[in-house]
Number of protein chains: 2
Amino acid sequence: MGRPVLTDEQIHAFRARATDAAMRLFVRDGYGGFSIRALAKELGCSHATPYRYFEGKDELFAAVRAEGFRRFTAFLRARLEGVAEHDARLRALAHGYFDFARREPEAFAITFEMSQPSEGWAFVDEAAAEGWGVLHEVVGGAAAAGVLEGEVNTLAHTMWAGIHGVATLHVAGKLRMGRTGEEVVAHMIDALIRAHAPAGQETKR
Amino acid sequence: MGRPVLTDEQIHAFRARATDAAMRLFVRDGYGGFSIRALAKELGCSHATPYRYFEGKDELFAAVRAEGFRRFTAFLRARLEGVAEHDARLRALAHGYFDFARREPEAFAITFEMSQPSEGWAFVDEAAAEGWGVLHEVVGGAAAAGVLEGEVNTLAHTMWAGIHGVATLHVAGKLRMGRTGEEVVAHMIDALIRAHAPAGQETKR
DNA sequence: GGTTTGTCTTGACGATGTTAATTTAACGAC
DNA sequence: GTCGTTAAATTAACATCGTCAAGACAAACC
């Protein structure tokens, strides 16, 4: 007897609504300008209510990061939809990765920001692992088909780091001398594919 | 007449002491746990004194970032010291870049963190430009000597992004499956050099 | 010594993250 | 339908933060 305990659905619904609104507030007020009280106002509840659904600000941030990873993964999957050829899939992945960073820089920053406590919340790692899965699958497919040569794990890490570097520098506003991120990412994926092309099958520069 | 105005040296000295202590506090308390009041305690002054030397927290952060860039640049320069051959210089640059991120992850994160307000303070851009200068010089030297082929600006951006991506993912703790950053960065610089090697002069895989 | 002028400290304000106390609302039992 | 119980939601409170205004202090000049 007594008031009913919150169902898992209710908890999930609130958390989803909260992470969604938080993402919006990040975009509106910037990363540092975010406050849990502003979020509560946005949600139409008291400033202490979120504490029933999240351990605290850190877990809320972690939830936002996880959601960011999910959107990121979905975005990449959508870009790969219908692209069959392995070379084209690699390029679609690279440009999709970069476009996500360009079109939703806040979401990208929140998701991949260094020095952000993601440890201790498994759901963040899970969401991140799915994104990594897409990458690994595309690179693995290309390697299996002979488009790329080398150990798949190393290949995937290298591709990832290369693309991620361009996206990161772009979001941080560090690209200079009139170089746009699109140009650099195109050149990057080109170079990495070329570097790992099977011997005797080098593509033209 | 009246109390003497602070000399530029005094101002500079305080700012240097403050950015130094701030860097130490970042390492101790993390990026978010930093407070201007804790810094004041560390410096042995009142909590309002820093406002006489810095516009506010944002400018203090900017100063720390600029100092981070300077240390980063000095670190790279030291690594290049005495390395003459262009290929070796490229590799020294890459490994130096990564080692800085690995050995001083906080400094690296503060310096390169996305979504951090660096605009509006020219001294940050100046410090960053010097780092870029080292990179550009090494890549440009290699290109001029015929070790790399292509437009220097694009080359430099690609090299930078590739190495930066590895360093960033390492600091964010995203490298997985037993791949260490050293392995990935070695493979990365190798691939990028290979991809831009002059035609008919391909190095062995 | 007194005046003046700029530095440093103290005190205060509003806002924030978080927790404790209080109020409110939804159920079963009667 | 009322009541007691139990959990959710709100309110109140605390410590801390960034920041600024007012006061205390110190060093130069007359």
Side-chain angles (χ1 to χ4, degrees), chain A residues 1-19 21-22 24-26 28-65 110 113 115-118 120-121, chain B residues 1-19 21-26 28-65 110 115-118 120-121:
Chain A
M1 59 189 96
R3 192 178 204 185
V5 178
L6 289 168
T7 64
D8 282 3
E9 274 100 288
Q10 286 175 310
I11 293 177
H12 183 79
F14 186 96
R15 286 177 67 107
R17 234 166 35 96
T19 52
R24 229 177 316 126
L25 289 183
F26 280 137
R28 200 189 65 188
D29 304 331
Y31 196 65
F34 174 83
S35 85
I36 218 166
R37 294 170 112 106
L39 173 66
K41 190 161 293 182
E42 187 81 6
L43 294 173
C45 66
S46 153
H47 63 266
T49 301
Y51 284 86
R52 194 160 297 277
Y53 298 89
F54 296 94
E55 273 183 39
K57 207 187 184 187
D58 282 358
E59 205 219 333
L60 201 159
F61 271 51
V64 173
R65 302 190 86 195
I110 293 157
E113 198 80 75
S115 76
Q116 202 60 29
S118 68
W121 286 282
Chain B
M1 59 192 89
R3 193 176 205 188
V5 179
L6 288 168
T7 63
D8 283 2
E9 274 100 286
Q10 285 174 311
I11 292 177
H12 183 79
F14 187 96
R15 286 177 66 107
R17 233 165 38 94
T19 52
M23 200 81 89
R24 227 176 317 124
L25 288 183
F26 280 138
R28 200 190 65 188
D29 303 332
Y31 196 65
F34 174 83
S35 85
I36 217 165
R37 295 169 110 106
L39 173 65
K41 189 160 294 183
E42 187 81 5
L43 293 174
C45 66
S46 153
H47 64 264
T49 301
Y51 284 87
R52 194 160 299 276
Y53 298 89
F54 296 95
E55 273 183 37
K57 207 188 185 188
D58 282 357
E59 205 220 332
L60 200 159
F61 272 51
V64 174
R65 301 191 87 195
I110 293 158
S115 76
Q116 202 60 28
S118 69
W121 286 283

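Predicted model, so just to flag it, every value in this text is computed and none were measured. Below, read A as the first sequence line, B as the second, and so on, with proteins coming before strands; counting in each chain starts at 1.
Between B:Glu42 and B:Leu25, the closest heavy-atom pair is OE1-CD2, 4.1 Å. In plain terms, the two heavy atoms of A:Tyr51 and A:Gly56 that are nearest each other are CE2-CA, 4.1 Å. The two residues A:Tyr31 and A:Ile110 have their closest heavy-atom pair at CE1-CG1, 3.5 Å.
Between atom CH2 of residue B:Trp121 and atom CD of residue B:Glu55 there is a gap of 6.0 Å, rounded to the nearest 0.5 Å. In this structure, B:Phe34 CZ and B:Arg28 CZ are separated by 10.5 Å, a value rounded to the nearest 0.5 Å. Distance check: B:Ser46 OG to B:Lys41 NZ gives 11.0 Å after rounding to the nearest 0.5 Å.
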Output one line per pair: protein atom, nucleotide atom from nucleotides 15-17 of chain C, and distance, for all N/O pairs under 3.5 Å.
unit_1	atom_1	unit_2	atom_2	d
C:dG17	OP1	A:Ile36	N	3.1
C:dG17	OP1	A:Lys57	NZ	3.2
C:dG17	OP2	A:Ile36	N	3.0
C:dG17	N7	A:Arg37	NH1	2.5
C:dG17	O6	A:Arg37	NH1	3.2

Distances under 3.5 Å between protein N/O atoms and the N/O atoms of nucleotides 4-8 of chain C, please, pair by pair.
unit_1	atom_1	unit_2	atom_2	d
C:dT5	O4'	B:Met1	O	3.3
C:dT5	O2	B:Arg3	N	3.0
C:dG6	N2	B:Arg3	NH1	3.1
C:dT7	OP1	B:Leu6	N	3.2
C:dT7	O4'	B:Arg3	NH1	3.2
C:dT7	O2	B:Arg3	NH1	3.3
C:dC8	OP2	B:Tyr53	OH	3.1
C:dC8	N4	B:Arg52	NH2	3.3

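You'll find the side chain of B:Phe61 reaches within 4.5 Å of the side chain of B:Phe26, heavy atoms only. Proximity of B:Thr49 to B:Phe14: side-chain heavy atoms (C-beta onward) are separated by under 4.5 Å at one or more points.
Considering A:Leu39, A:Val64, A:Leu60 as possible partners of A:Thr19, the one that fulfils the side-chain contact (heavy atoms from CB on, under 4.5 Å) test is A:Val64.
When atom types are taken as modelled, the side chain of A:Arg15 and the backbone of A:Phe54 share no donor-acceptor pair closer than 3.5 angstrom.
Of all nucleotides in DNA chain D, those with any atom nearer than 4.0 Å to a heavy atom of chain A start and finish, going 5' to 3', at D:dT5 to D:dA13.
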